[in-house]
2 protein chains.
Amino acid sequence: MANERLTRQTVAECALRLADSEGLEAVTIRRLAQELGVSPMAPYWHFKNKDELLLGMTDHALAPLPPIGEATDGWQRQLRGMIETVIGIMREHPSLAALLQNIDAKKAASFARATNDTLELLARAGLGLQESYWVAMQLLQGITGLIATRPEHHASVTPEQAAESRRQARLTMEALSPCEYPMVVAYARTLEEEPDPERYYAFGVDLIMGGIEAIAARYGTASP
Amino acid sequence: MANERLTRQTVAECALRLADSEGLEAVTIRRLAQELGVSPMAPYWHFKNKDELLLGMTDHALAPLPPIGEATDGWQRQLRGMIETVIGIMREHPSLAALLQNIDAKKAASFARATNDTLELLARAGLGLQESYWVAMQLLQGITGLIATRPEHHASVTPEQAAESRRQARLTMEALSPCEYPMVVAYARTLEEEPDPERYYAFGVDLIMGGIEAIAARYGTASP
DNA sequence: ACCTGAACACCGTTCAAGT
DNA sequence: ACCTGAACACCGTTCAAGT
């Protein structure tokens, strides 16, 4: 719209907004340029290729993630807080999960920072470096999976879109043979009623934290 | 090569082999046709579009997954066995993880079967239908993440390729500022020596199972 | 420094046509 | 029933050129 000069910031921001509202597959260099009211090649001055752009979008989304605070709490509480914050950011940016799966995440500075903080917490849990890294990656995958399976699926902002995608999921599963897949068909029926997102996310966090605490008790050397 | 008649089977098989050896992004309708020695439009007779092809590839890869056996063991042992089997299949088919992230998995019959079996096991663990489904999806995501982060990264078949991709990962992380990201840089150095894949996967399975057992103890109604 | 325009080598997919 | 060929509307990216 505005005919201002472009910035790395504004380009990344616009691309992220586009991804959040229409899905990551809508983010095309040409479509982005159109959205910015600029020629198709303009974005290339700010990002040398599409991968760099995706990294920029990720950094822009993850920027508000606060650094890990002082060690006043136990590592469990701090880690749980961090997980909840990331979930919050992913709920604000529905495309972030897909983004993290389509880039080499360790090349994003904001992601490296989050990883570093997580490694620090897990060291306090008594885990070794390798184990900590493996746990940190599983952690991210867990959060991503939580978002991907979420009841308010897709880049759907409006309740109507959310209800529609839930209906689609239900129809897909109900189309299956009830004698071959009885449990799946039974689950599909639970999708008829509106889900409670908060209950869903709380359960997900418990699931992720449960795995980490079990592994810390087994492989770690620190006291709880 | 051979000028035989095409089959849905052979097309899916060829596409999967291509994906496993050169990555999912190499699987293009046109490239696939070339590989089959056939005109670019030929695959369309067997799969109505690319999404259907990806589903077919997934079903082909997941076909050898055995159905859940009789309930002679406890649900924990059976579930652990299933996870290990899926990991085995994913290690044989390096593209399967990416495949599952790029399709609507519930539309793949083989995936629905695996989901159904998992739901049955989790019901025996005393979890409700919704909770079971959430756990099942987290389970898959966890396995997928395990494969994605694995030491023998990428579609690398040869040890040289594996060593090279590990080296690339190390260089990316070592390029980071050591005072800003001390833990990440420290972890990068552990990548210098050859990893032990079995130790890695065993740890991963413990991590995933730990979460499930913790949640079963907390939300379930069955005795262990 | 920042952006445009034309061009290249790719995509997925439709549709009419061949055997 | 199974496959081909031409055509369409897209991609990402390079490169020379404009201001």
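Reminder, nothing fancy here: chain letters follow the sequence lines and each chain counts from 1.
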Does the side chain of B/His46 get closer than 4.0 angstrom to OP1 or OP2 of D/dA1 through an N or O atom?
no
For D/dT19, give its Watson-Crick or G-U wobble partner with both distances under 3.5 Å, or none.
C/dA1
Count the heavy atoms of every other residue, nucleotide or ligand shown that sit under 6.0 Å from NZ of A/Lys107, and state whether that count exceeds 12.
no
d(NZ, B/Lys50; C1', D/dC11) in whole Å
12 Å
Below 4.0 angstrom from OP1 or OP2 of C/dG12, is there any side-chain N or O of B/Thr28?
yes
Using Watson-Crick or G-U wobble geometry with both distances below 3.5 Å, tell me the partner of C/dT14, or none.
D/dA6
Please report the closest heavy-atom contact between A/Leu176 and B/Ala112, naming both atoms and the distance.
CD1-CB, 3.8 Å
Which residue, B/Pro40 or A/Met41, contacts DNA chain D at a nucleotide closer to its 5' end, judged by nearest heavy atom?
B/Pro40
What is the distance, to the nearest angstrom, from the CD1 atom on A/Ile29 to the P atom on C/dT4?
14 Å
Any idea which of C/dG5, C/dC3, C/dT13 is nearest the A/Ala42 side chain?
C/dC3
Please check the phosphate of C/dG12 (OP1 and OP2 only) for any side-chain N or O of B/Tyr44 closer than 4.0 Å.
no
Per atom distances to the A/Trp45 side chain, the nearest of D/dC3, C/dG5, C/dC2 is C/dC2
From D/dC2, D/dT13, D/dT4, nucleotide with atom closest to A/Arg30 side chain
D/dT13
Test your reading of the model: is there a side-chain donor-acceptor pair from B/Arg30 to the backbone of B/Pro40, 3.5 Å cut-off?
no
Indicate the ring-plane relationship of A/Trp134 and B/Tyr200, choosing parallel, tilted or perpendicular according to the 30° and 60° boundaries.
perpendicular
Among C/dT4, D/dG12, D/dC3, which is the nearest nucleotide to the side chain of B/Arg5?
D/dC3
